[in-house]
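Everything on this sheet refers to the single structure shown next.
Below, all heavy atoms of this structure are taken into account, side chains as well, without hydrogens, waters or symmetry copies. Just so it is clear, the structure is predicted and the values come from calculations on it, not from any experiment. In what follows, residues are counted from 1 in the order of the sequence shown.
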Amino acid sequence: MKFTRFMVGQDSYAGVVEGETIREIKGDIFTSWTYTGNVFSLGEVKLLAPLEPNQVIGIGANYVEKKEDLPSELPAIPVFFFKPTSSVIGPEDDIVIPEGIDQVKFESELAVVIGKEAKNVAEEDVLDYVFGYTVGNDVTAPQFFREDGHWTIGKSFDTFTPLGPVIETEIDPSTVMVEAKLNGVEKQNSSTELMIISLRKMVSYLTNVMTLKPGDVILTGSPLGAEMVNAGDSIECEIKGIGTLRNSFVTSKTHVS
């Protein structure tokens, strides 16, 4: 199923996408929900980020170019970081380049949505705790990185975490292709088989550090090919089976909230 959130006029709703229509639902998508009977056309709504995350966690430097490059030994402590929920936006929303810098970097990623409380979960059981998957763009301002590995500021600006267009509950995350097109030109196109830390390993690791809860989002890393971009550029992050997440880059001076 494809769950999403959307606006009609000034009101927001949740729904299930079926073809070119959205069937409105009410309730908690993680526990219990029902159809309201209302149906909307995709053409008459504005899609929002498909959920309001509880928290957003990312992993850094998690792809190789080809399978032969996968390391024989995995890092003892993967590089994880948090992104504030205030950075989350939806499809077609503007990504705002912060004042004082000229460029930021796009990073197309498979995003995992946790569906139930998870603590000390074994790798083989991880998918039992996953609700579904969406497309994420881990926008980054590398100029704010520091030599001591301090990534938080460069990852945290408002609008730096586009998510969408839906949460898909029925794909196999182990072999999907993570793609990105910048101004219509392909820049990223890699299988999740090229992850250094697999989805199962990273989620299991995190549950041994912290309790993951429904609505937590984990960005699983970005393939090679991400580039710096400028205001006026357009990015399309795509995972077939989920959909395409489109956003444009603007300067803070031209952005109207």
Side-chain angles (χ1 to χ4, degrees), residues 4-7 12 42 45-53 55-63 81-113 133-145 150-167 178-190 217-239 242-257:
T4 195
R5 294 170 56 247
F6 60 99
M7 289 190 70
S12 61
L42 279 173
V45 309
K46 171 180 168 48
L47 292 182
L48 305 172
L51 79 164
E52 296 179 289
Q55 60 183 345
V56 181
I57 306 167
I59 186 170
N62 196 39
Y63 273 79
F81 53 88
F82 286 92
K83 301 196 75 173
T85 56
S86 57
S87 68
V88 173
I89 59 173
E92 306 295 344
D93 289 338
D94 289 339
I95 300 169
V96 182
I97 298 175
E99 187 174 356
I101 65 172
D102 297 325
Q103 296 180 308
V104 295
K105 192 177 185 181
F106 68 84
E107 297 185 18
S108 184
E109 310 198 7
L110 174 68
V112 178
V113 180
Y133 308 88
T134 190
V135 183
N137 186 352
D138 177 21
V139 181
T140 304
Q143 293 93 325
F144 288 88
F145 284 13
H150 183 59
W151 288 16
T152 300
I153 299 301
K155 297 281 189 179
S156 295
F157 288 93
D158 289 352
T159 75
F160 268 28
T161 313
L163 297 174
V166 300
I167 302 169
V178 179
E179 306 176 40
K181 291 181 180 178
L182 178 63
N183 301 324
V185 179
E186 183 179 281
K187 297 296 182 179
Q188 294 180 296
N189 191 347
S190 295
V217 172
I218 301 168
L219 302 173
T220 59
S222 188
L224 276 65
E227 294 183 358
M228 302 296 286
V229 296
N230 303 286
D233 286 336
S234 176
I235 188 69
E236 296 176 286
C237 302
E238 180 179 1
I239 297 176
I242 301 176
T244 301
L245 174 63
R246 297 182 182 87
N247 299 93
S248 296
F249 295 89
V250 300
T251 64
S252 57
K253 294 178 181 179
T254 61
H255 177 67
V256 179
S257 59

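- In plain terms, the two heavy atoms of Gly221 and Tyr63 that are nearest each other are O-CE1, 3.3 Å.
- Contact annotation: the side chain of Val178 never approaches that of Asn189 to less than 4.5 Å [non-hydrogen atoms, C-beta and beyond].
- Between Ile101 and Ala141, the shortest heavy-atom contact is CD1-CB, 3.8 Å.
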- Task: Carefully, step by step, assess Val56 and Val88 under the rule side chain to side chain contact (heavy atoms under 4.5 Å, CB included).
- Result: CA-CA 9 Å; Val56 181; Val88 173; 4.2 Å; yes
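- Using modelled atom types and a 3.5 Å distance limit, the side chains of Lys105 and Thr140 yield no donor-acceptor pair.
- Here Lys187 does not pair with Glu107 in a salt bridge; the nearest charged N to carboxylate O distance is not below 4.0 Å.
- What you find for Thr251 and Ala231 is that their closest heavy atoms are CG2-CB, 3.4 Å.
- Side-chain atoms of Asp233 come within 3.5 Å of backbone N or O of Asn230 as a donor-acceptor pair.
- Within the 4.5 Å cutoff, no side-chain heavy atoms of Val139 are placed close to those of Phe106.
- A donor-acceptor distance shorter than 3.5 angstrom exists from the side chain of Thr159 to the backbone of Val96, with no hydrogens or angles considered.
- Interatomic distance, Tyr133 OH to Glu109 CD, rounded to the nearest 0.5 Å: 15.5 Å.
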- How far apart are the C-alpha atoms of Asp102 and Ile97, what are their side-chain angles, what is the distance that settles it, and do they pass the side chain to side chain contact (heavy atoms under 4.5 Å, CB included) test? CA-CA 7 Å; Asp102 297 325; Ile97 298 175; over 6 Å; no
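- Taking CG of Asp158 as the start and OG of Ser252 as the end, the distance is 11.5 Å to the nearest 0.5 Å.
- Scanning all heavy atoms of the two residues, the minimum distance from Ala49 to Pro91 falls at N-CD, 4.1 Å.
- Rounding to the nearest 0.5 Å places CD1 of Ile89 at 7.5 Å from CG of Asp94.
- For Ser248 (side chain) and Ser234 (main-chain N/O), no donor-acceptor pair under 3.5 Å exists by modelled atom type.
- Heavy-atom neighbours of Glu52 CD from other residues, nucleotides or ligands within 6.0 Å: at or below the threshold of 12.
- Side-chain contact between Val229 and Val104 is present, with heavy atoms from C-beta onward closer than 4.5 Å.
- Two residues are said to be in side-chain contact when any heavy atoms from C-beta on lie closer than 4.5 Å; Ile57 and Leu219 fail this criterion.
- Of the possible donor and acceptor atoms, one in the side chain of Asn247 sits under 3.5 Å from a partner among the backbone N and O of Gly90.
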- Assess whether side chain to side chain contact (heavy atoms under 4.5 Å, CB included) is satisfied between Asp138 and Phe81, documenting all intermediate values. CA-CA 11 Å; Asp138 177 21; Phe81 53 88; 3.4 Å; yes
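- The two residues Leu163 and Gly136 have their closest heavy-atom pair at CD2-CA, 3.9 Å.
- Residues Glu238 and Val135 are not in side-chain contact: their nearest non-hydrogen atoms beyond the backbone lie 4.5 Å or more apart.
- Between the Thr244 side chain and the Glu236 main chain, no donor and acceptor come within less than 3.5 Å of each other.
- In terms of heavy atoms, Thr134 sits closest to Pro165 at OG1-N, 4.3 Å.
- Between the CE atom in Met7 and the CG atom in Leu48 there is a gap of 6.5 Å [rounded to 0.5 Å].
- The closest side-chain heavy-atom distance from Ile167 to Thr4 is not below 4.5 Å.
- The closest donor-acceptor contact from the side chain of Ser190 to the backbone of Gln188 lies at 3.5 Å or more, if one exists at all.
- With sequence neighbours excluded, the residues satisfying salt bridge (charged side-chain N to carboxylate O under 4.0 Å, His left out) with Asp93 are Lys46.
- Between the Thr220 side chain and the Leu110 main chain, a donor and an acceptor come within less than 3.5 Å of each other.
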- Message: side chain to side chain contact (heavy atoms under 4.5 Å, CB included), that's the test. Do Ile235 and Phe249 meet it? Break it down for me.
- Response: CA-CA 8 Å; Ile235 188 69; Phe249 295 89; 3.6 Å; yes
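- Taking the side chain as every heavy atom from C-beta outward, Lys181 and Arg246 never approach each other to under 4.5 Å.
- A distance of 8.0 Å separates OG in Ser222 from CG in Asn137, rounded to the nearest 0.5 Å.
- The closest side-chain heavy-atom distance from Phe6 to Pro50 is not below 4.5 Å.
- Listed for the Ser87 side chain is no donor-acceptor partner under 3.5 Å among the backbone atoms of Lys83.
- Counting only distance, with no hydrogens or angles, the side chain of Ser108 and the backbone of Glu179 share a donor-acceptor pair below 3.5 Å.
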